[in-house]
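Each remark here refers to the structure printed beneath this line.
Scope of the values below: all heavy atoms of this structure, side chains included, with no hydrogens, waters or symmetry mates.
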Amino acid sequence: MTTTHEVEHADHEHGHPTDRTYIGIALVLGLITAAEVATYYVDLGALLGPVLIVMMIAKFSIVAGWFMHLRFDSNLFTRVFVSGIVLAIGVYLAALTSFHYFSS
């Protein structure tokens with residue numbers, strides 16, 4: 001006999017990623033992190049900040065999408081996290097501008 005809770009739970013189920021998928025994601029995150037560390041030692045001049053920000057956004061997207069299961073949840077949650085990262089980048093860029101980072 002199926003209970004009401006089981007029926008409600010079945011309506012909200014989604015395909016859960018396999019362990020292999022999580023290992024692949026961890027490897028990608030590790031490669032991006034290694035690229036971030038290596039980027040610091042390469043002389044990119046004024047491009048260092050933007051390159052690191054792009055890699056940070058990529059890692060944030062992967063972690064939020066897969067490990068926080070945003071891929072499977074409502075689009076509202078995705079919008080909340082995207083607006084958070086946009087706000088964080090805006091504050092970071094404003095702080096860099098106030099310290100005259102871009103004029104040097």
Side-chain angles (χ1 to χ4, degrees):
M1 184 164 153
T2 307
T3 65
T4 306
H5 175 70
E6 290 172 346
V7 171
E8 290 175 4
H9 185 66
D11 290 340
H12 299 297
E13 285 185 5
H14 53 75
H16 193 73
T18 63
D19 290 344
R20 182 182 175 114
T21 302
Y22 282 124
I23 290 170
I25 293 167
L27 291 173
V28 169
L29 290 171
L31 289 173
I32 295 172
T33 301
E36 286 175 328
V37 172
T39 300
Y40 181 75
Y41 293 105
V42 176
D43 185 24
L44 295 178
L47 288 177
L48 178 64
V51 168
L52 290 174
I53 288 174
V54 168
M55 287 191 269
M56 180 259 316
I57 292 170
K59 284 180 16 177
F60 174 84
S61 301
I62 292 170
V63 169
W66 286 95
F67 292 111
M68 298 177 74
H69 303 283
L70 285 181
R71 291 193 45 198
F72 309 111
D73 284 337
S74 168
N75 285 338
L76 175 66
F77 297 130
T78 303
R79 288 186 194 119
V80 168
F81 277 90
V82 167
S83 28
I85 193 71
V86 168
L87 178 64
I89 291 168
V91 169
Y92 183 68
L93 291 175
L96 287 178
T97 301
S98 70
F99 293 125
H100 305 287
Y101 176 79
F102 297 111
S103 64
S104 55

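The heavy-atom pair separating Ala95 from Ser98 by the smallest distance is O-OG, 2.8 Å. Contact detail for Met56 and Glu36: the closest heavy-atom pair is N-OE2, 3.6 Å.
Val80 and Phe60 fall into different hydrophobic clusters, where Ile, Leu, Val, Met, Phe, Trp and Tyr residues are linked whenever their side-chain heavy atoms come under 4.5 Å apart, directly or through other members. Placement of Val42 and Val51 within a single hydrophobic cluster is found when ILVMFWY residues are connected by side-chain heavy-atom separations under 4.5 Å, directly or transitively. In terms of hydrophobic clustering, with Ile, Leu, Val, Met, Phe, Trp and Tyr side chains grouped at heavy-atom distances under 4.5 Å, Val82 and Val54 are assigned to different clusters.
Expressed to the nearest 0.5 Å, how far CE of Met55 lies from CD1 of Ile32 amounts to 8.5 Å. Taking CG of Leu27 as the start and OH of Tyr22 as the end, the distance is 15.0 Å to the nearest 0.5 Å.
For the side chain to side chain contact (heavy atoms under 4.5 Å, CB included) with Ile57, the lone residue among Ile89, Ile62, Leu52 that qualifies is Ile89.
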